[in-house]
Protein chains: 2
Amino acid sequence: MKDGPDIARIAALIGDPGRANMLAAMMSGKALTARELAGEAGVSSQTASGHLQNLESGGLITRERQGRHHYFRLADADVAGLLETLMGLAAKKGQLRTRTGPRDAELRHARVCYNHLAGDMGVALFDTLLAQGVLKAEGDELHLTELGEAQMRALGISIDQKSRAPMCRECLDWSERRSHLAGRLGRGILDHIYAQGWASRVPDTRIVRFSKTGEASFKAAFGL
Amino acid sequence: MKDGPDIARIAALIGDPGRANMLAAMMSGKALTARELAGEAGVSSQTASGHLQNLESGGLITRERQGRHHYFRLADADVAGLLETLMGLAAKKGQLRTRTGPRDAELRHARVCYNHLAGDMGVALFDTLLAQGVLKAEGDELHLTELGEAQMRALGISIDQKSRAPMCRECLDWSERRSHLAGRLGRGILDHIYAQGWASRVPDTRIVRFSKTGEASFKAAFGL
DNA sequence: CATACAGTTCGCTGGAGCCCGAACCATGGA
DNA sequence: TCCATGGTTCGGGCTCCAGCGAACTGTATG
């Protein structure tokens with residue numbers, strides 16, 4: 001009826017607690033099955049199936065069939081960005097759900113956001129890369145400089161060249177309310193962190209847990 | 001139940017078509033009365049009253065009483081940013097409501113977003129300011145350089161010094177899918193455009209209509 | 001004072017949609 | 001072939017909430 005695109009439809013999709021929990025779970029970037037998502041949302045698998053259909057036809061998630069399993073993930077980084085923005089706002093307003101338990105502290109320190117590193121560590125990394133001239137901001141575009149390209153190659157970080165996703169992108173951090181690095185480079189760096197054994201995912205959470213030596217090695221490698 | 005802040009509550013508030021239309025109307029930055037918003041949403045004033053209470057207690061809008069009128073506006077720029085992000089995503093997905101009439105063309109060219117300039121012109125301005133070194137990006141922070149400060153002073157642009165809002169901020173443009181300038185500086189520039197008579201608001205819309213000479217003067221002044 | 005208008009509160013109705021039980025398809029393995 | 005398992009479809013119950021009519025508070029204006 002009014003101008004602009006249909007904002008209510010998308011918001012309504014996120015507005016149900018069950019679906020919101022599913023989406024939050026998919027922020028890990030991992031592809032999850034319908035059953036896992038049902039558990040995450042605390043509903044039966046029939047209900048979950050319905051929700052997932054809605055989310056899919058709304059364009060927020062995509063489905064991948066493999067044998068009798070259906071894997072779901074967020075449709076693209078834009079959706080992930082929207083969710084992080086929402087989380088940022090929700091965290092700033094209603095202090096409701098911010099009982100900061102020990103687990104939350106870990107979440108704020110280092111967690112996975114879609115497929116890249118977020119939290120304290122993510123923000124610190126991003127700041128350092130900019131300060132070192134590895135990244136350069138032009139307008140709202142982020143570029144990897146030649147120096148940066150050389151450095152990444154020296155570290156042995158492989159970057160998915162085929163994908164048409166942007167190489168670098170900013171992503172707002174809901175706990176820090178600052179930006180961290182997303183895009184193909186962000187993904188490559190996180191993969192590298194896993195490959196080097198510096199850190200690993202805590203199962204069933206978005207927490208990335210660094211070992212003591214791993215954190216030191218990571219900081220040394222990137223000059224934090 | 002799950003980690004992170006309560007994202008569903010906020011999304012549900014935006015998820016009702018009536019409330020979404022009200023919020024979209026408030027994106028103009030103007031303070032609107034309950035009746036105007038009821039008309040915008042196409043509901044009775046009783047219903048609107050209820051919606052506005054919900055939005056207020058959810059922290060998305062604020063209320064200002066003046067005599068027998070109640071003026072409503074978006075709570076802060078973060079909320080406006082969230083709405084723009086949502087519009088951007090909605091525009092990219094469902095092509096549903098994107099029948100591009102003549103009015104839409106004007107909207108895409110120059111419109112007001114909360115209290116600053118968006119659309120073609122907003123994006124072009126932002127790019128130019130960065131290229132000229134008036135603005136500088138550090139991390140996710142935008143700074144006004146000394147050169148920029150001098151230039152703004154030379155143009156006679158006054159900036160609200162008291163406010164604690166950030167001086168410069170990026171804001172994603174839903175029609176261009178690029179950033180434009182927000183924050184106190186963004187507001188100051190738009191006010192300047194009005195003051196110089198370069199452009200004026202089309203009543204009851206978000207359109208900013210430049211006169212032919214006004215657009216030329218604007219481009220000359222900022223070196224577009 | 002009376003009148004007009006902005007906004008809210010109350011109570012009710014109707015419909016949308018969340019949810020699950022049960023039954024139904026599809027795949028994979030014995 | 002039969003069973004186990006992941007996922008979907010169908011039907012009905014139930015709750016929530018948007019919407020409005022009617023009545024009320026509060027502020028202007030004559």
Side-chain angles (χ1 to χ4, degrees), chain A residues 1-2 6-26 30-73 96 204, chain B residues 1-2 6-26 30-74 94 96 204:
Chain A
M1 196 193 304
K2 294 287 166 285
D6 194 356
I7 159 179
R9 216 174 96 77
I10 294 186
L13 281 175
I14 311 178
D16 174 77
R19 284 192 296 261
N21 283 334
M22 292 184 181
L23 290 170
M26 285 186 254
K30 263 195 75 152
L32 297 169
T33 69
R35 280 193 116 69
E36 292 168 318
L37 289 167
E40 206 60 43
V43 298
S44 70
S45 58
Q46 306 96 294
T47 311
S49 173
H51 282 319
L52 290 168
Q53 278 177 20
N54 291 337
L55 289 173
E56 188 183 10
S57 64
L60 295 187
I61 64 175
T62 60
R63 172 195 309 247
E64 211 170 319
R65 275 166 248 248
Q66 268 180 33
R68 57 182 170 183
H69 294 270
H70 291 208
Y71 290 100
F72 297 90
R73 57 181 52 175
L96 313 181
D204 296 328
Chain B
M1 191 195 306
K2 293 289 164 291
D6 195 354
I7 158 180
R9 216 173 95 79
I10 293 185
L13 280 175
I14 310 177
D16 174 75
R19 284 192 295 262
N21 282 332
M22 293 184 180
L23 290 170
M26 285 186 255
K30 263 195 74 152
L32 297 168
T33 69
R35 280 193 116 69
E36 292 169 316
L37 288 168
E40 205 61 45
V43 297
S44 71
S45 57
Q46 305 97 294
T47 310
S49 174
H51 282 318
L52 290 168
Q53 278 178 20
N54 291 338
L55 289 173
E56 188 184 10
S57 64
L60 295 187
I61 64 174
T62 59
R63 173 193 309 245
E64 211 170 319
R65 274 167 249 248
Q66 268 180 34
R68 58 181 170 184
H69 294 271
H70 291 208
Y71 290 99
F72 297 89
R73 58 181 50 171
L74 296 185
L96 312 182
D204 297 327

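Below, all heavy atoms of this structure are taken into account, side chains as well, without hydrogens, waters or symmetry copies. Just so we're on the same page: letters track the sequence lines, and every chain starts at 1.
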Colleague: I need the A:Asn54 CG to A:Leu13 CG distance, nearest 0.5 Å.
Modeller: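 Going from CG on A:Asn54 over to CG on A:Leu13, the span is 6.5 Å.
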Colleague: Name every residue in residues 64-72 of chain B that has at least one heavy atom under 4.0 Å from any atom of DNA chain C, in order of residue number, or write none if there are no such residues.
Modeller: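 DNA chain C contact set from residues 64-72 of chain B: B:Arg68, B:His69, B:His70.
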Colleague: In Å and rounded to the nearest 0.5 Å, what is the CG to CD1 distance from A:Leu23 to A:Ile61?
Modeller: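 The CD1 atom of A:Ile61 is 7.0 Å from CG of A:Leu23, to the nearest 0.5 Å.
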Colleague: For DNA chain D, which residues of residues 45-55 of chain A approach it to below 4.0 angstrom with any heavy atom?
Modeller: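 Those residues are A:Ser45, A:Gln46, A:Ser49, A:Gln53.
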Colleague: Rounded to the nearest 0.5 Å, what separates atom CG in A:Leu32 from atom NE2 in A:His70?
Modeller: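 Those atoms lie 14.5 Å apart.
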Colleague: Would you compute the distance between atom CG of B:Leu37 and atom NE2 of B:His51 and round it to the nearest 0.5 angstrom?
Modeller: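 Answer rounded to 0.5 Å: 11.5 Å.
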Colleague: First and last nucleotide of DNA chain C in contact with chain B, 5' to 3', at under 4.0 Å to a heavy atom: what are they?
Modeller: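 Answer, 5' to 3': C:dA4 to C:dT9.
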Colleague: Please report the interatomic distance CE(A:Met26) to CG(A:Leu55), rounded to the nearest 0.5 Å.
Modeller: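 Between A:Met26 CE and A:Leu55 CG, I get 6.0 Å after rounding to 0.5 Å.
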Colleague: For A:Ala20 versus B:Ala8, what's the shortest heavy-atom pair and its separation?
Modeller: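 In this case the closest contact between A:Ala20 and B:Ala8 is CB-CB, 3.7 Å.
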Colleague: How far does CD of B:Glu36 sit from CZ of B:Phe72, to the nearest 0.5 angstrom?
Modeller: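 The CZ atom of B:Phe72 is 11.0 Å from CD of B:Glu36, to the nearest 0.5 Å.
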Colleague: Is there side-chain contact between A:Arg19 and A:Ile14, with at least one heavy-atom pair below 4.5 Å?
Modeller: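 Of all side-chain heavy-atom pairs linking A:Ile14 with A:Arg19, none is under 4.5 Å.
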Colleague: Under 4.0 Å from any heavy atom of chain A: name the first and the last nucleotide of DNA chain D that qualifies, 5' to 3'.
Modeller: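 Range of nucleotides touched by chain A: D:dA4 to D:dT9.
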Colleague: Which residues, if any, of residues 11-19 of chain B bring a heavy atom under 4.0 Å of DNA chain C?
Modeller: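 DNA chain C contact set from residues 11-19 of chain B: none.
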Colleague: Which heavy atom of A:Ala38 sits nearest to which heavy atom of A:Ser44, and what is that distance?
Modeller: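 Nearest pair, atom of A:Ala38 first, then A:Ser44: CB-O, 4.0 Å.
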Colleague: Scan residues 44-69 of chain A for pairs that pass salt bridge (Lys or Arg N to Asp or Glu O under 4.0 Å), counting only residues two or more places apart or in two chains.
Modeller: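 Counting only pairs at least two positions apart or across chains, the salt bridge (Lys or Arg N to Asp or Glu O under 4.0 Å) contacts touching residues 44-69 of chain A are A:Glu56-A:Arg63.
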Colleague: What are the two closest heavy atoms between B:Ala41 and B:Gly18, and how far apart are they?
Modeller: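 Where B:Ala41 meets B:Gly18 most closely, the heavy atoms are CB-O, 3.5 Å.
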Colleague: Restricting to non-hydrogen atoms, name the atom on A:Arg9 and the atom on A:Gly58 that form the minimum distance, rounded to 0.1 Å.
Modeller: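 Minimum heavy-atom contact is NH2-CA, 3.5 Å.
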Colleague: If we only count heavy atoms from C-beta on, is the B:Asn21 to B:Val43 side-chain gap below 4.5 Å?
Modeller: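 Not touching, per the 4.5 Å side-chain cut-off.
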